[in-house]
Amino acid sequence: MSWNYTDSYEWMERVTSMEPLIITCCCNGGVQGKESHREIPETPEEIADSVYEAYNEGASVVHVHGRDPNNLGDTTMDPEVMYRINALIRERCPDIIINNTTGGGPTSTMEDRLRSLDALPEMASLNMGPDMSRFVIKAREEALDYPRPSQEYDICIPFTYGFIEQLAAGMLEKGIIPEMEMYHSGQYWVAQKLISEGLIKTPYLFQFVMGYQTATYPTPENLIHMARELPAGAHFTVAGIGKYQWAMTTQSILLGGHVRVGLEDNIYLKRGQKLKNNAEAVAKIALISRELNREIATPEQARSMLGVSSIPSRY
């Protein structure tokens with residue numbers, strides 16, 4: 001049940017009785033792969049195995065990117081590849097909520113992003129505006145499949161009002177729940193437009209991406225500001241990028257929001273120590289949450305809270 005997360009009186013009433021924490025595991029990504037951490041899953045089988053481990057530690061949602069089977073160093077949004085990944089995850093995790101990316105990666109086209117919905121995930125990410133960044137991907141060493149030199153990107157993915165509306169309409173038609181990716185509060189203009197057009201239905205789900213390039217700075221003040229602007233009937237989750245993961249997700253737990261952790265966003269358990277796998281990230285945030293008096297949501301509870309069908313998808 002959503003509420004006014006920044007109302008002082010309501011927060012004090014709920015501080016020891018907040019709803020269970022929904023943990024999303026972002027198991028891999030459309031940018032970095034095994035060249036950054038050997039435990040980032042790339043093949044469909046590796047992804048399903050990694051998700052299963054995270055599921056057993058308390059993840060009720062999984063956010064998935066596909067990797068090109070002909071070049072695992074690159075992303076793909078081919079719906080056949082994504083459908084196979086979804087099917088393998090469902091075999092291992094009978095009720096986890098499957099969330100596919102529509103952001104993709106640096107080499108994805110806008111057509112790729114639209115076509116990816118044909119993989120029929122239960123939920124999909126929906127960027128609320130352009131994605132601008134500059135970064136270097138490490139070289140893939142000879143020991144890895146599909147080795148290549150380091151690559152530098154200076155890009156802007158042109159998510160426009162019109163294209164976002166196309167994606168939202170496609171999700172609505174296919175019964176896919178949109179997870180609205182918010183990089184700064186100005187993107188509420190876009191969300192409100194989608195709501196006014198009936199393209200997004202309650203309960204709304206917003207994800208605040210904190211610490212990403214051109215996103216709002218990852219500070220407690222900014223997180224509260226983002227939560228203050230939520231429309232009625234909304235839930236939110238927080239993704240902290242890199243070194244900001246644990247601080248920002250812990251603040252979300254305290255505020256009443258939900259969390260996203262995993263090797264797409266951060267590869268470190270703590271300073272100087274890499275995560276063993278996605279399951280270790282989920283286990284850490286679950287421990288923090290329980291210590292702060294919030295239990296962990298089961299997939300069944302998460303489905304009820306987010307308006308996802310109680311009958312898990314089949315592939």
**Over 12 foreign heavy atoms within 6.0 Å of CD, Glu300** =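 No, the 6.0 Å shell around CD holds no more than 12 heavy atoms from other groups.
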**Request:** Give a yes or no on this: more than 12 heavy atoms of other residues, nucleotides or ligands lie within 6.0 Å of atom OH of Tyr268.
**Result:**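 Incorrect, the count does not exceed 12.
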**Asked** side chain to side chain contact (heavy atoms under 4.5 Å, CB included) with Thr16: which residues, sequence neighbours excluded?
**Response**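 Partners of Thr16 under the side chain to side chain contact (heavy atoms under 4.5 Å, CB included) test: none.
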Determine yes or no for a side-chain-to-main-chain donor-acceptor pair under 3.5 angstrom, with [X] supplying the side chain and [Y] the backbone.
X	Y	answer
Thr214	Met132	yes
Arg303	Ser309	yes
Trp246	Gly240	no
Glu229	Gly186	no
Tyr146	Pro69	yes
Asn28	His65	yes
Arg260	Thr237	no
Gln301	Thr298	yes
Arg67	Leu72	yes
Gln192	Tyr188	no

In terms of hydrophobic clustering (I, L, V, M, F, W, Y; side-chain heavy atoms under 4.5 Å; direct or indirect links), are [X] and [Y] co-clustered?
X	Y	result
Leu287	Leu292	no
Leu126	Phe236	yes
Val61	Ile89	no
Tyr161	Leu114	yes
Leu230	Met248	yes

Could I get the full list of salt bridge (charged side-chain N to carboxylate O under 4.0 Å, His left out) partners for [X], not counting sequence neighbours?
X	value
Lys243	none
Lys193	Glu197
Arg115	none
Arg134	Asp154

What is the distance from atom [atom1] of [X] to atom [atom2] of [Y], rounded to the nearest 0.5 Å?
X	Y	atom1	atom2	answer
Arg314	Leu120	CZ	CG	14.0 Å
Thr6	Leu255	OG1	CG	7.5 Å
Ile267	His37	CD1	NE2	6.0 Å
Thr249	Ile288	OG1	CD1	6.0 Å
Phe159	Met110	CZ	CE	4.5 Å
Ile40	Ile47	CD1	CD1	11.0 Å

**Of all pairs that satisfy side chain to side chain donor-acceptor pair (under 3.5 Å), the ones with a partner from residues 276-289, not counting sequence neighbours** =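 Checked against side chain to side chain donor-acceptor pair (under 3.5 Å) - neighbours excluded - the pairs reaching residues 276-289 are Ser50-Asn278.
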**Asked** Taking only residues at least two apart or on different chains, which pairs with a member in residues 71-99 satisfy side chain to side chain donor-acceptor pair (under 3.5 Å)?
**Response**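 Qualifying pairs, neighbours excluded: Glu45-Arg84, Asp49-Arg92, Tyr55-Asp95, His63-Asn99, Asp74-Thr107, Asn86-Asn100, Arg90-Glu122, Arg90-Ser313, Asn99-Glu179.
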**Request:** Looking only at non-hydrogen atoms, find the nearest pair between Val64 and Met82 and report the distance.
**Result:**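 Taking every non-hydrogen atom into account, O-CE, 3.9 Å.
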**Prompt:** Which pair of heavy atoms, one from Ala124 and one from Thr102, lies closest together, and at what distance?
**Reply:**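 It is CB-CG2, 4.0 Å.
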Name every donor-acceptor pair, under 3.5 Å, that has one atom in a side chain of residues 164-176 and the other anywhere in the protein, sequence neighbours excluded.
from   : atom 1 : to     : atom 2 : distance (Å)
Lys174 : NZ     : Asp118 : OD1    : 3.2

**Asked** Could you go step by step and tell me if Leu223 and Met210 meet the side chain to side chain contact (heavy atoms under 4.5 Å, CB included) rule?
**Response** CA-CA 8 Å; Leu223 176 54; Met210 312 291 289; 4.2 Å; yes
Cluster partners of [X], using ILVMFWY side-chain heavy atoms under 4.5 angstrom, listed by chain and number?
X	result
Ile311	none
Tyr153	Val31, Phe135, Ile137, Ile155
Tyr217	none
Tyr212	Tyr183, Val209, Ile241

**Prompt:** With a 4.5 Å heavy-atom cut-off, do Ile285 and Gln245 have their side chains touching?
**Reply:**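 A side-chain contact under 4.5 Å is absent here.
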**Flag side-chain contact, heavy atom, 4.5 Å: Met123 against Leu205** =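 Yes, close enough: below the 4.5 Å cut-off.
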**Item:** Between His258 and Gln207: side-chain donor-acceptor atoms closer than 3.5 Å
**Value:**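 The answer is no; no qualifying pair exists.
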**Message:** Are Tyr5 and Trp3 an aromatic pair, judged by ring center distance below 6.0 Å?
**Reply:**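 So the answer is yes for these two rings.
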**Prompt:** With respect to Lys34, which candidate in Glu46, Glu141, Glu39 satisfies the salt bridge (charged side-chain N to carboxylate O under 4.0 Å, His left out) definition?
**Reply:**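 Exactly one candidate clears the test, Glu46.
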